[in-house]
Amino acid sequence: MEYNFAKIESRWQRYWEENKTFKTFDDYSKPKYYILDMFPYPSGAGLHVGHPEGYTATDIISRYKRMKGFNVLHPMGWDAFGLPAEQYAMQTGTHPAITTNKNCDNFRRQIKAIGLSYDWDREINTTDAHYFKWTQWIFKQLYNTWFDENQQKGRPISELTIPEEVQLQGLEAINEFIGEKRLAYYDNAQVWWCNSCKTVCANEEVLTDGSHEKCGNQVVRKNLKQWLLRIPHYADRLLQGLEGLDWPAGVIDMQKNWIGKSTGAEIDFQIEGLNKDLRVYTTRPDTLFGATYMVIAPEHELAGEITIPEKKEEVEKYIQAAALKSDLDRTDLAKVKTGVFTGRYAVNPVNKLPIPIWIADYVLLGYGTGAIMAVPAHDSRDFEFAKEFNIPIVCILDPKDVEEREEILAGNKCWTEDGEYINSASEETGLNINGLNKEQGITTTIEWLEAQNIGKATVNYRMRDWLFSRQRYWGEPFPVIHWEDGEVSLLDDEELPLLLPKLEKYTPGDSGESPLANAEEWLHVTDKNGRKGRRETNTMPQWAGSCWYYLRYIDPNNEERIFDPEKEQYWMPVDLYIGGAEHAVLHLLYSRFWHKVLFDLGIVSTNEPFQKLYNQGMILAFAYETSTGAKVSSDLVEDRDGKYYHTETGEELRQIVAKMSKSLKNVVNPDDVIERYGADALRLYEMFMGPLDERKPWAENGVKGVFNFLNRAYRFFADENNITEGEEDIEVAKLLHQTIRKVAYDIENLKFNTAVSALMVFNNLAIKKGKVTLDTARTFARILSPFAPHLGEELWHLCGKKNTLAYEQWPEVNVKLLQEDSHEYPVSFNGKLRFKIELPIDIPREEIEKAVLNDPKANKWMEGKTVRKFIFVPKKIINIVVG
RNA sequence: GCCCGGGUGGUGGAAUGGUAGACACGUUGGACUUAAAAUCCAAUGAUCAUUAUGAUCGUGGGGGUUCAAGUCCCCCCCCGGGUACCA
């Protein structure tokens with residue numbers, strides 16, 4: 001009766017594979033459930049125990065939903081483009097496809113060993129030409145779409161009306177006009193360049209200290225021709241779409257912050273002595289009366305013109321210094337603010353007072369208009385600057401009942417909250433907001449500005465255009481040709497996919513050109529008229545393939561179209577999407593953007609792709625450090641009597657929790673866990689560790705705990721001597737049905753840890769009782785199977801069933817068994833629990849009171865006291881207030 | 001700084017405002033064994049006292065609401081994640 005997990009697991013894995021047990025059919029008669037994992041990047045290191053956490057969770061739900069009668073789509077694939085395979089190619093000359101396929105094979109082997117119920121016939125790989133053909137096709141759709149502001153909707157470029165004055169200027173002007181509308185465009189853009197890796201880095205690969213995540217080298221800015229996507233056009237749609245989603249609030253907040261919508265006004269200030277206006281953006285037009293200076297960014301186009309000759313030298317010096325500073329230096333908040341006076345004044349439109357124009361690098365060119373009106377009394381940054389340069393601070397918002405009111409009114413303290421306006425009226429201009437509050441002040445001022453025709457309400461977003469090209473080899477080639485006459489054209493659909501050329505050398509050029517520039521034959525093209533052209537040498541970023549993979553799973557082998565619309569309508573949206581929180585913004589925002597464009601073009605049927613999102617927490621590991629905080633590699637740690645010692649120095653060490661890392665030698669490989677304890681134990685422990693969304697440390701002893709449970713369950717249920725005929729013991733029957741209900745509830749609410757615990761509790765009782773009926777054994781096999789599918793199938797089989805239990809019905813709860821006729825009430829006096837008493841459920845309150853107060857145990861607590869209150873909560877507690 | 005999470009036994013963690021510590025690890029004692037492993041049984045928040053039993057304290061700290069607070073409200077401390085002069 002030994003639990004031979006290796007034998008059991010390989011047998012059922014073979015069975016599932018041979019019988020294609022988990023092949024999904026497009027059976028429209030059944031309700032569907034689409035449950036998706038974030039597909040992995042198949043790294044050379046293989047799986048670590050963090051991967052199977054989310055995969056097990058989705059697998060449990062998939063198996064459960066199948067038993068509940070759903071048609072479940074549960075696929076897996078590979079996000080396989082990426083830099084590591086390319087760097088390996090640079091070092092060894094091995095084609096990235098070879099490395100990638102090897103890694104995919106290893107990942108697939110590891111994942112299959114966990115017993116996950118994927119439909120492997122739907123496996124996709126972003127580097128497969130059959131797949132990226134459609135990534136290129138989507139790029140074409142983006143290129144050929146413009147965003148109609150009025151309809152708030154993307155529309156085909158063919159539906160764009162060209163203004164007459166543009167048409168009159170000829171073809172070039174028309175193309176330029178269209179180009180400015182396309183969602184994908186080609187332009188100069190600043191990118192991060194790593195001189196050591198000779199490659200461009202994505203923003204997210206640059207650490208906050210300005211170094212390259214991969215090699216630690218400081219990255220530099222480079223100006224290169226790039227593809228960009230106009231995602232800000234969809235800002236409002238992306239914001240609104242968040243409303244109906246069942247997503248973690250934190251992720252929604254992060255996306256909102258990233259989009260960064262702000263409402264305010266643009267205001268034109270007259271510049272003294274120049275026939276020009278300076279336009280600023282502000283969220284606080286109501287504070288115009290407190291504006292005592294203005295600031296423009298050093299890169300502002302008017303910087304030169306505004307500066308008076310006497311100040312020229314000083315200003316130029318400042319601008320140059322600012323240009324040399326890294327972004328990091330410029331945005332370091334701790335640093336003292338710097339700036340320089342241009343010598344020129346603007347006119348404050350509300351009171352006609354002259355205010356000085358400064359240049360300072362705390363104002364960024366890329367946001368708003370690159371110029372601000374500064375209100376030091378009511379903006380902390382402006383306040384700091386004004387203090388530094390002795391610029392007047394005029395308080396115009398009375399904070400009323402605030403402690404520091406006097407200080408604020410005197411301009412010695414900054415006040416950014418609401419209040420009542422003072423000093424905010426001008427007879428000359430007719431604007432008066434004195435006595436109003438912030439909200440009224442803003443509306444009134446904007447109305448006034450619009451009436452004067454010097455400003456208007458404006459919305460700004462923090463989100464920028466998405467830099468969509470990388471100077472790399474191992475990515476999707478753009479289906480683009482740049483012709484010698486300057487025309488840019490896209491390949492016809494029939495010419496897709498555009499494959500990557502074979503290369504001798506994968507090293508990029510020093511100038512920042514992709515390795516593809518070396519592929520002479522591939523690179524140069526000639527059209528039928530003899531016109532010469534050059535293919536785009538940039539490739540798409542890794543996001544491209546992951547932006548839409550969930551759509552391809554629906555119809556992965558369709559050669560004719562991206563997918564069959566009927567299938568798409570059936571399967572979409574994804575009902576549940578589980579993955580790491582590190583994708584809270586970028587991947588999920590980019591995907592949503594593409595999805596909305598495809599929706600506008602009528603290609604997909606849902607407005608949002610992922611209905612419910614859940615993040616699994618990171619799996620950490622125990623690590624050890626000395627009293628000075630130095631980390632000690634795990635292979636140098638000895639455990640004696642619950643304390644930890646350094647094997648070489650003998651020093652006592654402290655146990656801490658840290659990320660798994662090679663240097664700490666605390667990385668756990670699922671292969672090892674499976675070999676020692678089996679896949680079911682791995683799965684069970686991943687779930688038993690704690691709540692799915694929390695970070696938690698891996699502990700080998702915990703695996704032993706669940707392994708123990710599987711052992712006990714097998715030894716008990718696989719032994720026919722323990723299986724009886726006839727009626728089930730009432731206690732066992734009651735607990736069984738409680739367990740069915742608890743496990744189902746917990747699965748649906750993603751509380752897998754407590755579900756496992758409930759199964760353990762039932763198993764403990766069954767073993768204690770020593771006997772269960774065959775029905776009970778069969779029920780247990782079914783409710784265990786989503787968690788430990790191999791053992792589930794084995795027990796099902798031993799219970800005399802021939803076929804897989806994957807599609808068996810989830811057991812019905814017998815509600816009658818769950819009804820109790822009495823309850824053991826805890827009795828408290830003044831909130832302190834004193835004793836317990838068993839009472840029938842259905843007797844009136846008076847009798848309960850009588851029974852409790854007359855109980856001999858109650859005397860002790862009531863002696864010399866009177867009962868002031870008797871609290872009775874049915875099926876919960878009794879609390880008696882005495883005094 | 002701002003925005004999210006989180007802080008419960010020796011450990012991982014349970015707990016619709018209603019019996020704090022389910023379940024598991026570890027530890028201790030016992031059974032089995034020549035012995036060990038495995039397995040099984042029992043105990044296990046702390047403190048005090050003890051004949052079973054009992055009492056007091058206890059969910060980061062301080063206040064509050066309530067018959068009743070780990071849970072709700074206010075203030076503070078610590079840890080993790082995100083973000084960073086976005087006007």
Side-chain angles (χ1 to χ4, degrees), chain A residues 2 208 248-254 256-258 260-262 264 280-284 287 295 328 330-335 337 360-364 366-375 378-382 384-385 460-464 581-582 584-585 615 617-618 620 622 641-643 655 657 684-685 688-691 693-706 708-709 711-712 715 751 753-761 763-764 767-768 824-836 860 868-882:
Chain A
E2 266 311 293
T208 37
V251 176
I252 290 186
D253 283 347
M254 279 165 73
K256 282 185 180 166
N257 290 339
W258 193 266
K261 181 174 183 169
S262 92
V280 302
Y281 171 72
T282 178
T283 54
R284 296 294 303 274
T287 60
V295 185
L328 185 76
R330 278 191 60 168
T331 57
D332 187 357
L333 270 170
K335 164 197 76 111
K337 290 201 168 30
D361 65 6
Y362 82 89
V363 171
L364 308 174
Y367 186 79
T369 60
I372 61 158
M373 62 178 220
V375 185
H378 306 293
D379 180 287
S380 55
R381 297 152 301 183
D382 298 344
E384 256 178 68
F385 189 85
N460 248 307
Y461 299 93
R462 202 160 158 163
M463 185 168 56
R464 305 294 152 80
E582 65 273 22
V585 178
N615 297 124
M618 195 187 298
L620 308 168
F622 289 116
D641 304 328
K643 289 185 173 174
Q655 188 184 54
V657 170
L684 222 49
Y685 179 60
F688 188 62
M689 290 174 82
D693 59 347
E694 262 165 47
R695 39 169 44 212
K696 44 212 176 273
W698 185 270
E700 166 113 13
N701 277 337
V703 189
K704 279 189 204 157
V706 295
N708 226 341
F709 159 65
N711 260 298
R712 283 159 57 86
R715 282 202 304 264
K751 291 162 64 138
N753 54 332
T754 49
V756 174
S757 157
L759 290 166
M760 287 174 170
V761 171
N763 190 46
N764 288 346
I767 290 170
K768 199 169 178 178
E824 191 186 39
Y825 282 96
V827 180
S828 298
F829 288 84
N830 291 342
K832 286 193 183 191
L833 174 69
R834 295 306 178 185
F835 62 90
K836 290 172 190 174
K860 182 176 171 188
R868 306 220 181 267
K869 209 166 180 181
F870 189 95
I871 289 136
F872 168 65
V873 185
K875 286 196 233 176
K876 290 274 196 255
I877 52 105
I878 291 162
N879 187 18
I880 300 149
V881 185
V882 292

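Hydrogens, waters and symmetry mates play no part in the numbers below; they use all other heavy atoms, side chains included. Per chain, numbering begins at 1; letters A, B, ... match sequence-line order.
With A/N879 contributing its side chain and A/I871 its backbone, the two residues share no donor-acceptor pair below 3.5 Å. At distances below 3.5 Å, at least one donor-acceptor pair connects side-chain atoms of A/D379 with backbone N or O atoms of A/D382.
Remark: C1' of B/G82 and CE of A/M618 are 13 Å apart, rounded to the nearest angstrom. At whole-Å resolution of the value, CE in A/M760 and P in B/C23 are 11 Å apart. We find that NZ of A/K751 is positioned 12 Å from C1' of B/A22, with the value rounded to whole Å. In this structure, NZ of A/K836 is placed 13 Å from P of B/U53, rounded to the nearest angstrom. Summarising the geometry, the separation between CD1 on A/I878 and P on B/G18 is reported as 16 Å, rounded to the nearest angstrom. As rounded to whole Å, 13 Å separates atom C1' of B/G82 from atom CD of A/E582. In this structure, A/D253 places its CG atom 12 Å from C1' of B/U83, rounding to the nearest Å. Per the geometry, CD1 belonging to A/I372 stands 11 Å off P belonging to B/A87, to the nearest Å.
Residues A/I880 and A/I878 meet the side-chain proximity criterion, which asks for heavy atoms closer than 4.5 Å. The closest side-chain heavy-atom distance from A/K704 to A/N708 is not below 4.5 Å. By the 4.5 Å heavy-atom criterion applied to side chains, A/L620 and A/W698 are not counted as neighbours. Contact of the A/T287 side chain with the A/M373 side chain is registered, since non-hydrogen atoms from C-beta on lie closer than 4.5 Å. A/D693 is not listed as a side-chain neighbour of A/N615, based on a closest heavy-atom distance of 4.5 Å or more. In this structure the side chain of A/N460 reaches within 4.5 angstrom of the side chain of A/Y367, judged on heavy atoms.
For the atom pair OG of A/S262 and OH of A/Y281, the computed distance is 2.5 Å after rounding to the nearest 0.5 Å.
Distance noted for atom C1' between B/G17 and B/U65: 12 Å (whole Å). For the C1' atoms, the distance linking B/C72 with B/U16 amounts to 14 Å, nearest Å. For B/C77 and B/A22, the C1' atoms lie 31 Å apart once the distance is rounded to whole Å. B/C25 and B/G13 have their P atoms separated by 16 Å, given to the nearest Å. Taking atom C1' on both nucleotides, B/C85 is separated from B/G5 by 26 Å, rounded to a whole Å. The same atom, P, is picked in B/U39 and in B/A24; the two are 14 Å apart, to the nearest Å. B/A55 and B/U34 have their P atoms separated by 47 Å, with the value rounded to a whole Å. The same atom, C1', is picked in B/G70 and in B/U83; the two are 31 Å apart, to the nearest Å.
Of the two residues contacting RNA chain B, namely A/N701 and A/A371, the nearest-nucleotide position lying further toward the 5' end is that of A/N701. Residues A/R284 and A/W258 each lie close to RNA chain B; by heavy-atom proximity, the contact nearer the 5' end of the strand is made by A/W258.
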Distances for protein N or O near nucleotides 5-13 of chain B N or O, under 3.5 Å:
| from | atom 1 | to | atom 2 | distance (Å) |
| --- | --- | --- | --- | --- |
| B/G12 | O2' | A/M689 | O | 2.8 |

Report each atom pair, protein N/O against N/O of nucleotides 28-32 of chain B, whose distance is under 3.5 angstrom.
none

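In terms of the side-chain hydrogen bond (donor to acceptor under 3.5 Å, both in side chains) criterion, A/R695 has no residue partners (sequence neighbours excluded). Under the ring-ring contact (aromatic ring centres under 6.0 Å, His included) criterion, A/F870 pairs with no residue at all, not counting sequence neighbours. In this structure A/R834 satisfies the side chain to side chain contact (heavy atoms under 4.5 Å, CB included) test together with A/F829, A/K832, A/W861, sequence neighbours excluded. Here A/E700 pairs with A/R676, A/Y677 under the side chain to side chain contact (heavy atoms under 4.5 Å, CB included) rule; sequence neighbours left out. Checked against side-chain hydrogen bond (donor to acceptor under 3.5 Å, both in side chains), A/K696 has the following partners two or more places apart in sequence or in another chain: A/E53. Remark: A/A699 pairs with A/F622, A/Y685 by the side chain to side chain contact (heavy atoms under 4.5 Å, CB included) rule, at least two apart or across chains. Remark: A/E824 pairs with A/K836, A/E838 by the side chain to side chain contact (heavy atoms under 4.5 Å, CB included) rule, at least two apart or across chains.
When the side-chain nitrogen and oxygen atoms of A/R834 are compared with OP1 and OP2 of B/A55, one or more of them lie within a distance under 4.0 Å. Between A/S828 and B/U19, a side-chain N or O to OP1/OP2 separation shorter than 4.0 Å is absent. Applying the 4.0 Å criterion to OP1 and OP2 of B/A22, one finds that A/N764 has every side-chain N and O outside that range.
In summary, the aromatic rings of A/F872 and A/Y825 are positioned with their centroids under 6.0 Å apart.
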### Summary
Read 5' to 3' with Watson-Crick or G-U pairs under 3.5 Å, [ ] for crossing pairs and | for partners on another strand, RNA chain B gives (((((((..(((.....[....)))((((((.......))))))((((.....))))..(((((..]....))))))))))))....
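The residue A/K832 sits close only to the backbone: its heavy atoms come under 4.0 Å of sugar-phosphate atoms, none of a base. Counting non-hydrogen atoms under 4.0 angstrom, A/S262 reaches the backbone sugars and phosphates but no base.
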### Query
In the 5'-to-3' direction, what one-character label does each nucleotide of nucleotides 62-73 of chain B receive under the scheme B = base within less than 4.0 Å of a protein heavy atom, S = sugar-phosphate only, - = no such atom?
-----BS-----
### Message
Return a single string for nucleotides 36-46 of chain B, one symbol per nucleotide in 5' to 3' order, where B is base contact, S is sugar-phosphate-only contact and - is none, cutoff 4.0 angstrom on heavy atoms.
### Response
---SS------
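B/G58 adopts an anti glycosidic conformation, its chi angle falling more than 90° from 0.
Annotation: cation-pi pair A/K337/A/F385 absent, no NZ/CZ under 6.0 Å from the ring centroid and within 45° of its normal.
In terms of polar N and O atoms assigned as donor or acceptor, the side chain of A/K876 comes within less than 3.5 Å of the base of B/U16 in a complementary pairing.
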